[in-house]
Amino acid sequence: MTPKAKRVRKAVLPVAGLGTRFLPATKAIPKEMLTVVDKPLIQYAVEECIASGIEHVIFVTGRRKSAIEDHFDLAPELESFLEERGKSESARTVREIGGDLQFSYTRQSVALGLGHAVLCAAELVGDEPFAVLLGDVIMASNAPSCATSAHTEAPNSPIPATRELIEICDATGGAGAIHVEQVPRERLHFYGIIDAQPAEVPGGGENAIWRDRLLRVKDLVEKPSADKAPSDLGITGRYVLPPEIFDYLAETKPGAGGEIQLTDGLCRLATDGKLYATVFQGRTHDAGDKLGFLQATVEIGLKDPKLGNQFREYLRKLKL
Ligand code: G1P
């Protein structure tokens, strides 16, 4: 029988990057605070945490990132200002930004790579499985939830990307789980690429929506050239990992780009047979580059309940 895993309660969000691809916009503002429609980029990931049942978000920050802390802190003066002027809906929006989450902050003082950033959160995470969300990737799932799903949204709403990985971690007795997506050949060198085979669901999860998409990861390569890539399945930026990953990352030497890569730590989990992947069902926006950011703005703007129709009309006219 598969042993029962500890509950996934914490999520690590690495946000120490300098955001050089967005200069000059990011000279004084963290990249994570750039707005997609009406929310800063990082809020999409935090909302995914809330919808996935996460209780504690750990930001791995760097210098000049205090706007992120302020954004998720209480703002009593602003709230009373809005309430006094009868703008209760705006006051509620401000109050509810962080849900009931607990927030912690730790610093990555030197930019040594994603693996190093995750390792910086080791003490705050402790000896339990945890999620990692890359804040510049917005993942809008369209996989329906199922009877076994315990996420906090309405029963028929899509299962959030992180929630799906938590279910896999639970069903496999605490193994790691990552989302992957098919990547066009000319973009393989931007991703961690997996070598994997279809996997049986080891225990539980018989009715789970992801059971036919479950893969066991045998190996991974960070940012390979197209001819060295073991497949076309790239890691999209959502992970649920067992605490052993910290020991592996502590032993990981700089890899691709001279950085300590999370992907290289994942290779050790894969060697232990403790890493699963699932092909993400939904729309991923890599808003970490300018084109992806613009695409996210347009597609999310089109879905906006208040603005969507007007915006669609505007775009239609623009095409003529
Ligand atoms: C990181 C990871 C990579 C992953 C990618 C997804 O790379 O190292 O494995 O595929 O995120 O966006 P980065 O985009 O930070 O270079």
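Atoms within each ligand, like the ligands themselves, are counted from 1 in listed order. What you see is a predicted model, and the numbers here were worked out from it, not measured in a lab.
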Pair [X] + [Y]: basic N to acidic O under 4.0 Å:
X    : Y    : answer
E164 : R238 : no
K65  : E32  : yes
E259 : K223 : no
K6   : E128 : no

Give me the residue, atom name and distance of the protein heavy atom closest to [atom].
atom                    : value
atom 14 (O) of ligand 1 : F190 O, 4.4 Å
atom 10 (O) of ligand 1 : I235 O, 2.7 Å
atom 11 (O) of ligand 1 : L134 CD1, 3.3 Å

Using heavy-atom distances only, which candidate in E222, Q261, E181, E259 approaches atom 3 (C) of ligand 1 most closely? E222

Could you tell me whether a side-chain N or O of T106 sits under 3.5 Å from a main-chain N or O of A121, the two making a donor and an acceptor? no

Does any N or O atom in L114 lie less than 3.5 angstrom from one in ligand 1, N or O only? no

Numbered atoms and elements of ligand 1 in range of K223, under 4.0 angstrom, heavy atoms: 7 (O), 8 (O), 13 (P), 16 (O)

For ligand 1, which atoms sit closer than 4.0 Å to a heavy atom of T263? 9 (O)

Working note: V8 + T162, criterion side chain to side chain contact (heavy atoms under 4.5 Å, CB included); need CA distance, chi angles, decisive distance, verdict. CA-CA 10 Å; V8 179; T162 294; over 6 Å; no

